[in-house]
Number of protein chains: 2
Amino acid sequence: MAEEESVLGWNPFSRNCASRGLLNSIGDKWAILILASLADGALRFGELEEAVDGISQKMLAQRLGDMVADGLVTRAQFQEVPPRVEYELTDLGRSALPAVQGLIDWTVGHMSQVYETRQK
Amino acid sequence: MAEEESVLGWNPFSRNCASRGLLNSIGDKWAILILASLADGALRFGELEEAVDGISQKMLAQRLGDMVADGLVTRAQFQEVPPRVEYELTDLGRSALPAVQGLIDWTVGHMSQVYETRQK
DNA sequence: CGGAATCCTCCCAGATACTG
DNA sequence: CAGTATCTGGGAGGATTCCG
């Protein structure tokens with residue numbers, strides 16, 4: 001370890017780095033839940049609204065828009081009545097699943113432990 | 001999959017759930033970087049400030065406080081002149097490393113790909 | 001050196017209402 | 001059904017200053 005400036009060698013989320021916003025996309029609370037919710041297949045807007053408990057329409061639409069722009073999710077719009085829109089993970093989005101799921105699993109698994117400690 | 005309400009079965013980050021704030025701790029942008037920076041051993045406050053590029057004193061102190069309260073990090077204060085304080089991962093904090101590192105690795109690995117897509 | 005306190009700004013995110 | 005538009009408050013987070 002010659003460099004002491006950054007333990008990581010470089011900071012992938014630095015404000016000087018183009019990818020800074022990437023953590024706000026992949027690391028975002030809602031994005032993680034949306035990603036995980038889409039793990040088993042495509043979902044409609046309304047289904048996502050129920051799957052991601054507590055999210056507002058605005059946040060859902062906003063995050064979905066970002067994720068589509070980032071190439072993590074595809075948006076398929078069917079010209080029907082009533083309107084129908086389905087969101088599905090891209091290959092890129094699916095490639096992020098293990099990392100995302102790992103974070104969720106850890107959180108679920110150690111939640112109670114953290115919560116106990118936090119009481120003190 | 002009988003339940004359609006939540007793809008995860010339940011939402012670990014729901015606002016109705018005690019662990020909602022947990023993602024704001026473990027999923028937080030700065031917390032992730034601090035955690036990863038401490039992977040190789042204890043660091044002083046100033047060293048962390050350099051390791052986590054772009055973080056302000058305020059944010060560093062705030063996040064470290066939260067992480068200590070959550071039992072992810074220990075704080076060791078030495079009565080010397082000049083003062084010295086070292087932060088180190090607890091076993092719990094270390095247990096989160098794989099998940100955290102997985103997220104960082106994915107981000108670093110697919111960053112350029114996302115950035116390209118985002119241009120369009 | 002390692003913070004805490006203060007101030008200030010701006011963006012996030014919720015609520016609500018409206019549209020195709 | 002699947003969104004946008006608008007308004008608004010609260011909090012994240014930066015800069016600066018001061019203290020033990």
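Throughout, protein chains are lettered first and strands after them, A, B, ... in sequence-line order, and every chain is numbered starting at 1.
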Enquirer: Which pairs, protein N/O on one side and nucleotides 3-9 of chain D N/O on the other, fall under 3.5 Å?
Expert:
| unit_1 | atom_1 | unit_2 | atom_2 | d |
| --- | --- | --- | --- | --- |
| D/dG3 | OP1 | A/Arg75 | NH1 | 2.2 |
| D/dG3 | OP1 | A/Tyr87 | OH | 3.2 |
| D/dG3 | OP2 | A/Tyr87 | OH | 2.6 |
| D/dG3 | N7 | A/Gln57 | OE1 | 3.0 |

Enquirer: So do the side chains of B/Glu88 and B/Leu38 get within less than 4.5 Å of each other, counting heavy atoms only?
Expert: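 They are not in contact (no side-chain heavy atoms under 4.5 Å apart), so the answer is no.
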Enquirer: Tell me the interatomic distance from B/Trp30, atom CH2, to D/dG13, atom P, rounded to whole angstroms.
Expert: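 Computing the B/Trp30:CH2 to D/dG13:P distance gives 8 Å.
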Enquirer: Tell me, please, which residues at least two apart from A/Glu116 pass side-chain contact (heavy atoms from CB on, under 4.5 Å).
Expert: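 For A/Glu116 there are no side-chain contact (heavy atoms from CB on, under 4.5 Å) partners, ignoring immediate neighbours.
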Enquirer: In whole Å, what is the span from the CE atom of B/Met59 to the P atom of C/dG3?
Expert: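 To the nearest whole Å, that distance equals 15 Å.
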Enquirer: Consider the side chain of B/Arg44, meaning its heavy atoms from C-beta on, and name the nucleotide among D/dG13, C/dA13, C/dG2 that approaches it most closely.
Expert: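 Given the options D/dG13, C/dA13, C/dG2, the side chain of B/Arg44 is closest to C/dG2.
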Enquirer: Check whether any side-chain heavy atom of A/Asp70 lies under 4.5 Å from a side-chain heavy atom of B/Thr117, and answer yes or no.
Expert: no
Enquirer: Report for the helix from C/dC1-D/dG20 to C/dG20-D/dC1: angle between first-end and last-end helix axes, five pairs each, rounded to 10 degrees.
Expert: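 The two end axes of the helix from C/dC1-D/dG20 to C/dG20-D/dC1 meet at 50°.
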Enquirer: Between C/dG3 atom P and B/Arg63 atom CZ, what is the distance in whole Å?
Expert: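 Going from CZ in B/Arg63 over to P in C/dG3 covers 15 Å.
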Enquirer: Name all pairs fulfilling the salt bridge (charged side-chain N to carboxylate O under 4.0 Å, His left out) condition that reach into residues 90-103 of chain B, sequence neighbours left out, sorted by first residue then second.
Expert: B/Asp91-B/Arg94
Enquirer: Can you measure A/Lys29 atom NZ to C/dG14 atom C1' for me and round it to whole angstrom units?
Expert: 11 Å
Enquirer: For the pair made of CG in B/Leu60 and C1' in D/dA12, what is the distance, rounded to whole Å?
Expert: 15 Å
Enquirer: Round to a whole Å and report the spacing from CZ of B/Phe78 to C1' of D/dG20.
Expert: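 Rounded to whole Å, this separation is 18 Å.
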Enquirer: Rounded to the nearest 0.5 Å, what separates atom CG in B/Leu48 from atom CG in B/Leu60?
Expert: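 Reported value, rounded in 0.5 Å steps: 5.5 Å.
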Enquirer: Let me know the distance between CD1 of B/Ile55 and P of D/dG14, rounded to the nearest Å.
Expert: 8 Å
Enquirer: Nearest whole angstrom, please: distance from the P of C/dC1 to the CD of B/Glu47.
Expert: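 To the nearest whole Å, that distance equals 11 Å.
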Enquirer: Can you check whether A/Gly71's main-chain N or O pairs, donor with acceptor, with A/Thr90's side chain at less than 3.5 Å?
Expert: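 Yes, A/Thr90 side chain to A/Gly71 backbone: donor-acceptor pair under 3.5 Å.
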Enquirer: With sequence neighbours left out, what residues match A/Gln79 under side-chain hydrogen bond (donor to acceptor under 3.5 Å, both in side chains)?
Expert: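 side-chain hydrogen bond (donor to acceptor under 3.5 Å, both in side chains) list for A/Gln79, sorted by chain: empty.
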Enquirer: Can you check whether B/Arg44's main-chain N or O pairs, donor with acceptor, with B/Glu47's side chain at less than 3.5 Å?
Expert: yes
Enquirer: Quick one: is C/dA13 close enough that its OP1 or OP2 comes under 4.0 Å of any side-chain N or O from A/Ser56?
Expert: no
Enquirer: Suppose we screen for side-chain hydrogen bond (donor to acceptor under 3.5 Å, both in side chains). Which residues come up paired with A/Ser95, at least two apart in sequence or across chains?
Expert: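 With neighbours one apart ignored, the set is B/Trp106.
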